[in-house]
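The residues of the chain are indexed from 1 along the displayed sequence. Just so we're clear, the structure is a prediction, and the values are computed from it rather than from any experiment.
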Amino acid sequence: KQRLYGFAICFGAGLAISILSIFSFSKLLAGNPTPFALKYTFGNVLSLCSTMFLVGPKRQLRNMSSPTRWIAALVFLGAMAMTLVACFVLRNKGGELLVLICVIVQFCAMFWYALSYIPYGRRIFATCLRSAVAE
């Protein structure tokens, strides 16, 4: 029961922070990507860590490195790291566009990673996407 509470609180907080980052989007467009990037990335980190309450950190890392998930997990973690690098290191060198690209990659990788936990989730999504593009 405690693990479920930990998961729900951690996931809910992560989701809320990620959603609330939208209110900092105008700062990103104005040339200050740090508030948006930090909130969005921290929210994703919390959401990802929430699953450790359910399965434990060792199994979570094993799940993330499984043959069907390791690429999406690596892209997701890499995009989170690059988002932070872009907002802190490339801050005055046009890092806003790179932050935006990294956030989009984060979202897509997280979505693809999450679909791997749904039976046939990736296949169903790819089929729906193909049929939507074909029309």
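For the atom pair L115 CG and Y120 OH, the distance stands at 15.0 Å (nearest 0.5 Å). With rounding to the nearest 0.5 angstrom, the SG atom of C49 is 10.5 Å from the CG atom of N44. Here the CG atom belonging to N63 is positioned 10.5 Å from the CE atom belonging to M52, to the nearest 0.5 angstrom. Here the straight-line distance linking atom OG of S116 with atom CD1 of I71 works out to 11.5 Å at 0.5 Å rounding. Rounding to the nearest 0.5 Å places CE of M82 at 11.5 Å from OG1 of T41. Considering CG of L28 and CD1 of I22, their distance stands at 12.5 Å, rounded to 0.5 Å.
Side chain of S50 to main chain of S47: a donor-acceptor pair is present (N/O by atom type, distance under 3.5 Å, no hydrogens or angles). S18 places no side-chain N or O within 3.5 Å of a backbone atom of L15 that could act as its donor or acceptor partner.
Of all heavy-atom pairs spanning T34 and C87, the tightest one is OG1-O, 3.6 Å. Closest approach of F23 to S26, counting heavy atoms only: O-OG, 4.2 Å. Closest heavy-atom contact between C10 and L46: SG-O, 3.3 Å.
In this structure, the side chains of L84 and F42 stay at 4.5 Å or more apart for every pair of heavy atoms. Side-chain contact between F125 and W112 is present, with heavy atoms from C-beta onward closer than 4.5 Å. Side-chain contact between T83 and L98: absent, with no pair of heavy atoms (C-beta onward) separated by less than 4.5 Å. You'll find the side chain of L48 reaches within 4.5 Å of the side chain of F76, heavy atoms only.
I101 and L74 fall within a single hydrophobic cluster, where Ile, Leu, Val, Met, Phe, Trp and Tyr side chains are chained together by heavy-atom contacts under 4.5 Å. F111 and I104 fall into different hydrophobic clusters, where Ile, Leu, Val, Met, Phe, Trp and Tyr side chains are chained together by heavy-atom contacts under 4.5 Å.
The number of heavy-atom neighbours closer than 6.0 Å to CZ of F7, taken from other residues, nucleotides and ligands shown, is above 12.
Taking the six-membered ring where tryptophan is involved, the planes of Y117 and Y113 are perpendicular, since the angle between them exceeds 60° and thus also 30°. Classified by interplanar angle (parallel below 30°, tilted 30° to 60°, perpendicular above 60°), the ring pair F25/F36 is perpendicular.
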Checklist entry - Given F107 and Y40, is the side-chain contact (heavy atoms from CB on, under 4.5 Å) satisfied, shown in steps? => result CA-CA 10 Å; F107 179 80; Y40 188 79; 3.4 Å; yes
